[in-house]
Amino acid sequence: MLNGKKIVLGVTGGIAAYKAAVLCSKLTQKGADVHVIMTSSAKQFITELTLQSLSKNPVYSDTFDERDPSVVSHIDLADMADLVLVAPATANMIGKMAHGLADDMLSTTLLATMAPVMVAPAMNVHMYQHPAVLDNMNTLVSRGVMMIEPGEGLLACGYVGKGRMEEPETIIQVIEQFFAEQKQAEPKLLEGKKIVVTAGGTIERLDPVRYITNDSSGKMGFAIAQAAHDMGADVHLVIGHTDMAPPKGIKVVSIQSAQEMYDAVLDLWEDSDVVIKAAAVADYRAEHVASSKIKKSGNRMTLELVKTVDILEQLGKLKKSQFLIGFAAETNDVETFAKEKLVRKNCDLIVANDVSTAGAGFRSDTNIVQIYDADGLVEQLPMLSKQEVARRLLKITAERIQGVYS
Ligand code: CTP
């Protein structure tokens with residue numbers, strides 16, 4: 001349930017900050033991609049290094065410590081998050097959130113995010129019962145912030161009462177339940193539609209022990225297949241070279257070469273409503289595949305390569321009622337090349353990205369895409385998790401095919 005979820009974990013300055021380490025570790029073990037923001041008071045209780053080691057991501061605390069000139073960190077974190085969790089949340093941070101203050105990295109990110117927000121308060125029992133704090137918490141709840149209420153127990157200050165941060169295990173259960181409900185509530189926009197998604201790279205053999213492939217991880221295609229499945233579609237996933245396990249509960253066809261991918265997609269083509277070509281298909285293959293291992297000879301070697309079938313282009317020619325989506329992975333002149341591919345391959349949409357940009361590369365968990373149709377730019381998305389890119393792309397697809405089918 002948490003696999004691939006981007007969780008921004010805000011840690012504020014209370015004794016319960018040590019529990020944030022357990023929380024961070026358990027979330028990461030469950031496959032979440034955790035990005036920690038600490039307040040300066042939190043650093044009095046726990047070190048950045050601890051949370052960096054546990055999350056395997058850089059820890060942020062200073063709004064002005066911009067390490068990557070291509071992004072503004074607090075906006076970047078705010079945009080990419082599937083969930084922002086503040087744990088522990090002090091009375092001070094709750095007050096700042098309630099009143100819209102933005103005087104540090106965490107409070108600024110909280111103001112900038114459109115993601116769901118959860119807050120696990122931790123404070124002294126009298127602070128917890130103070131009308132100001134209660135008012136602030138009520139304000140946050142009325143705005144949709146989810147409070148993970150502290151249990152009663154012995155507080156670090158010696159009192160017994162409410163104010164202790166909820167145990168990390170319980171917080172994780174709440175988060176898992178939240179994502180499960182979110183998934184169930186996902187509108188079944190693609191109910192009854194047959195969708196073919198291709199993912200990963202192709203393998204073009206040279207001999208029995210060598211091949212040509214590329215850096216595609218399959219993550220984008222897998223995210224699309226999963227999101228289409230969640231939206232009620234009947235999904236076939238045609239997979240080439242990838243070292244990741246495909247999402248569960250989806251019909252998978254495994255192939256190696258571009259030709260095999262073409263054959264697999266053609267088998268499904270007539271019945272399909274939407275075909276999404278997220279795979280990175282080799283453009284060339286060996287003219288002759290050696291039947292035994294090629295032996296070394298001389299100081300140079302020349303490989304004779306011939307063009308592979310352009311699957312998308314062929315599908316574009318065969319297209320009747322199918323809705324065809326291509327991808328364009330570019331390193332320069334993204335818009336020009338993407339539009340040219342859209343026309344040449346007769347796609348309904350093309351998803352373009354600059355793979356040389358941080359956060360948009362082949363192996364990344366995030367992507368930064370622009371979606372074009374024949375009239376031009378449909379949507380320019382900020383850096384988002386590949387899951388969120390997939391959801392947005394499929395929402396546009398659902399709107400477009402509803403027009404065609406109704
Ligand atoms: N594609 C395909 N068959 C190929 C090559 C590409 O179906 N033999 C598809 C990809 O799956 C993708 C789209 O075409 O959806 C664009 O792929 P890309 O590699 O960006 O473009 P190419 O047409 O290969 O052009 P170039 O390599 O020159 O950029």
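Order of listing sets the numbers, starting from 1, for every ligand and every atom in it.
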_Set of residues satisfying side chain to side chain contact (heavy atoms under 4.5 Å, CB included) with respect to Glu260, sequence neighbours excluded_ = Ile255, Gln256, Ser257
*asked:* Taking non-hydrogen atoms within less than 4.0 Å of ligand 1, which protein residues qualify?
replied: Lys277, Ala279, Val281, Ala282, Asp283, Thr308, Val309, Asp310, Ile311, Leu312, Gly326, Phe327, Ala328, Ala329, Lys341, Arg344, Lys345
_Sub-4.5 Å side-chain heavy-atom contact between Phe222 and Leu237_ = yes
*Is the Lys NZ or Arg CZ of Lys5 less than 6.0 Å from the centre of Phe179's six-membered ring, within 45° of the axis?*
yes
*Is there a donor-acceptor contact under 3.5 Å linking the side chains of Asp310 and Gln314?*
no
*asked:* Counting C-beta onward and ignoring hydrogens, is there a side-chain heavy-atom pair between Thr366 and Lys386 closer than 4.5 Å?
replied: no
*Would you mind reporting whether Lys339 and Val343 have side-chain heavy atoms less than 4.5 Å apart?*
no
